Student: 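Got a structure for you, questions after.
Small disclaimer: the values here were computed from a predicted structure and weren't measured. In what follows, chains are A, B, ... by sequence order, proteins preceding strands, each numbered from 1.
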Amino acid sequence: MRPTIEVARALLGAIVIHGPTSGRIVETEAYLGIGDGAAHSARGITPRTEVIFGPPGHAYVYLIYGMYDCLNLIAEPEGVAGGVLIRALEPIDGIPLMQKRRPTARGVENLANGPGKLTRALGIGLQHNGVDVTRGPILVCAPPQPEPLDIAVSRRIGITQSADLPLRFFIRDNRFVSKK
DNA sequence: AGTTCGATCGCCT
DNA sequence: GGCGATCGAACTG
């Protein structure tokens, strides 16, 4: 089994909460670890990647391009690498605060429709690397009213290694995804 | 110790 | 559609 892929699909529709802001996950990507050239954990445990090898249900937050933070959720048992990048959220609570944090965003659909955008909109940063998302301050919860989803699959965005693998999952026709 | 380059975004043309 | 911003992790020598 590859739990990471199942988790990436199952996270669609789930809610991410941080303080007064929250959003519904509409787009994810799976990063498999050893053998997945695009994964930070592909080359084993380093100071940066140790949380990816840690227990599931924790957050892996890293800095990309020197400017933006990206949020991942660890999916595999301790000792095994595997995480899910949260790529886009549909804003739910705290929308005025999100707009204040991202003044350049025009329209609600642009507030959190990208991995760097959603961390900034929710106030998530490197200080949250390693936190348990079942305990806070970041919380990830099942949707209050689960519904069947039409899930689309594609290649992952913005990578060169292992670029052909179908490991991006998003809610079809949802206006809050980062790309069609 | 030096170099390369990236799981991005927003502004420019 | 193209590119500059900005910096640390990881690899090379």
Side-chain angles (χ1 to χ4, degrees), chain A residues 2-9 11-12 14 16 21 23 25-54 56 58-76 80-91 98-131 133 138 140 151-171 175-180:
Chain A
R2 300 223 74 133
T4 298
I5 292 174
E6 295 169 23
V7 171
R9 301 182 74 106
L11 280 171
L12 292 175
V16 179
T21 57
I25 299 174
V26 299
E27 178 179 348
T28 62
E29 283 178 358
Y31 285 86
L32 302 181
I34 306 295
D36 178 357
H40 290 169
S41 53
R43 296 173 203 229
I45 299 181
T46 68
R48 178 207 208 185
T49 63
E50 64 180 350
V51 333
I52 306 174
F53 290 83
H58 288 239
Y60 166 54
V61 184
Y62 70 93
L63 180 67
I64 185 66
Y65 294 111
M67 285 178 251
Y68 299 103
D69 299 316
C70 292
L71 170 67
N72 300 251
L73 302 177
I74 301 311
E76 303 275 346
V80 181
V84 176
L85 172 67
I86 309 303
R87 281 199 57 90
L89 297 177
E90 174 178 343
M98 294 190 208
Q99 286 171 329
K100 188 176 175 183
R101 286 169 172 159
R102 298 200 60 250
T104 60
R106 288 288 180 270
V108 193
E109 59 275 0
N110 293 314
L111 273 178
N113 62 338
K117 297 178 184 180
L118 71 90
T119 53
R120 188 151 300 176
L122 265 64
I124 293 170
L126 297 179
Q127 69 272 26
H128 298 112
N129 189 36
V131 304
V133 301
I138 299 170
V140 177
I151 299 177
V153 183
S154 78
R155 293 148 62 127
R156 293 173 290 183
I157 307 285
I159 59 168
T160 54
Q161 305 296 310
S162 305
D164 291 336
L165 301 178
L167 294 178
R168 172 173 174 253
F169 306 93
F170 58 100
I171 301 177
R175 57 195 259 261
F176 299 93
V177 301
S178 65
K179 292 189 172 186
K180 305 239 175 174

Student: Can you sort out the partners of Glu109(A) under side-chain hydrogen bond (donor to acceptor under 3.5 Å, both in side chains), two or more places apart, ordered by chain and number?
Tutor: Arg175(A)
Student: Determine the Euclidean distance between corresponding P atoms of dG2(B) and dT6(C); express it in Å to zero decimal places.
Tutor: 22 Å
Student: Who are the salt bridge (Lys or Arg N to Asp or Glu O under 4.0 Å) partners of Arg155(A), not counting sequence neighbours?
Tutor: Asp164(A)
Student: Would you mind classifying the nucleic acid contact of Leu85(A) as base, sugar-phosphate or nothing, using non-hydrogen atoms under 4.0 angstrom?
Tutor: base
Student: Which parts of residues 111-130 of chain A get close to DNA chain C, meaning a heavy atom less than 4.0 angstrom away?
Tutor: none
Student: Just distance, no hydrogens or angles: give the donor-acceptor pairs under 3.5 Å from side chains in residues 30-43 of chain A, sequence neighbours left out.
Tutor:
| unit_1 | atom_1 | unit_2 | atom_2 | d |
| --- | --- | --- | --- | --- |
| Tyr31(A) | OH | Glu29(A) | OE1 | 2.8 |
| Asp36(A) | OD1 | Ala38(A) | N | 3.1 |
| Asp36(A) | OD1 | Arg156(A) | NH2 | 3.0 |
| Asp36(A) | OD2 | Leu32(A) | N | 2.9 |
| Asp36(A) | OD2 | Arg156(A) | NH1 | 2.9 |
| His40(A) | ND1 | Tyr60(A) | OH | 2.7 |

Student: Tell me: CD1 of Ile86(A) to P of dT8(B), nearest whole Å?
Tutor: 14 Å
Student: Of all residues at least two apart in sequence or in a different chain, which pass the side-chain contact (heavy atoms from CB on, under 4.5 Å) check with Glu90(A)?
Tutor: Arg24(A), Val26(A), Asn174(A), Phe176(A)
Student: Quick one, give me the B/S/- string for nucleotides 2-13 of chain C, reading 5' to 3', where B means a protein heavy atom under 4.0 Å from the base and S means that only happens at the primed atoms, P, OP1 or OP2.
Tutor: ---BBB-SSS--
Student: Which whole-number value in Å describes the distance from Arg156(A) CZ to dG6(B) C1'?
Tutor: 14 Å
Student: Please name all residues satisfying salt bridge (Lys or Arg N to Asp or Glu O under 4.0 Å) with Arg101(A), sequence neighbours left out, ordered by chain then number.
Tutor: none
Student: Please state how far atom NZ in Lys179(A) lies from atom C1' in dG10(B), giving the value in whole angstrom units.
Tutor: 14 Å
Student: Please enumerate all protein N or O atoms sitting under 3.5 Å from an N or O of nucleotides 11-13 of chain B, with distances to 0.1 Å.
Tutor:
none

Student: Write down the distance separating the P atoms in dG1(C) and dA7(B), rounded off to the nearest Å.
Tutor: 22 Å
Student: Atom CD1 in Ile124(A), atom CG in Leu71(A): separation rounded to 0.5 Å?
Tutor: 5.0 Å
Student: Mind calculating the distance between CZ (Arg102(A)) and P (dT8(B)) to the nearest angstrom?
Tutor: 14 Å
Student: Only one of Leu122(A), Val61(A), Leu73(A), Val133(A) passes side-chain contact (heavy atoms from CB on, under 4.5 Å) with Ile138(A); say which it is.
Tutor: Val133(A)
Student: Find the distance between CG (Leu85(A)) and CG (Leu167(A)) and round it off to the nearest 0.5 Å.
Tutor: 12.0 Å
Student: Take the protein atom CZ of Arg101(A) and the nucleotide atom P of dC9(B), then report the distance between them rounded to whole Å.
Tutor: 17 Å
Student: Where does DNA chain C form stems of at least three consecutive Watson-Crick or G-U wobble pairs, each pair having both distances below 3.5 Å?
Tutor: B:1-6 with C:7-12, B:8-12 with C:1-5
Student: Does the side-chain ring of Tyr62(A) lie flat on the base of dA7(B), meaning centres under 5.5 Å and planes less than 30 degrees apart?
Tutor: no
Student: If I take atom CD1 in residue Ile64(A) and atom C1' in nucleotide dA7(B), what distance separates them, rounded to the nearest angstrom?
Tutor: 6 Å
Student: Please confirm whether the backbone N or O of Thr4(A) pairs with a side-chain atom of Glu76(A), one donor and one acceptor, at under 3.5 Å?
Tutor: yes
Student: To check you understand the geometry: which heavy-atom pair defines the closest contact between Leu111(A) and Pro91(A), and what is its length?
Tutor: CB-CG, 4.0 Å
Student: Can you list everything that forms a salt bridge (Lys or Arg N to Asp or Glu O under 4.0 Å) with Glu50(A)? Sequence neighbours excluded, please.
Tutor: none
Student: Name all pairs fulfilling the ring-ring contact (aromatic ring centres under 6.0 Å, His included) condition that reach into residues 103-129 of chain A, sequence neighbours left out, sorted by first residue then second.
Tutor: His18(A)-His128(A)
Student: Just so I know, are the side chains of Phe170(A) and Ser154(A) near enough to count as touching, which here means a heavy-atom distance under 4.5 Å?
Tutor: yes
Student: Let me know the distance between CG of Leu165(A) and C1' of dA7(B), rounded to the nearest Å.
Tutor: 13 Å
Student: Could you pull out all residues at least two apart from Arg9(A) that satisfy salt bridge (Lys or Arg N to Asp or Glu O under 4.0 Å)?
Tutor: none
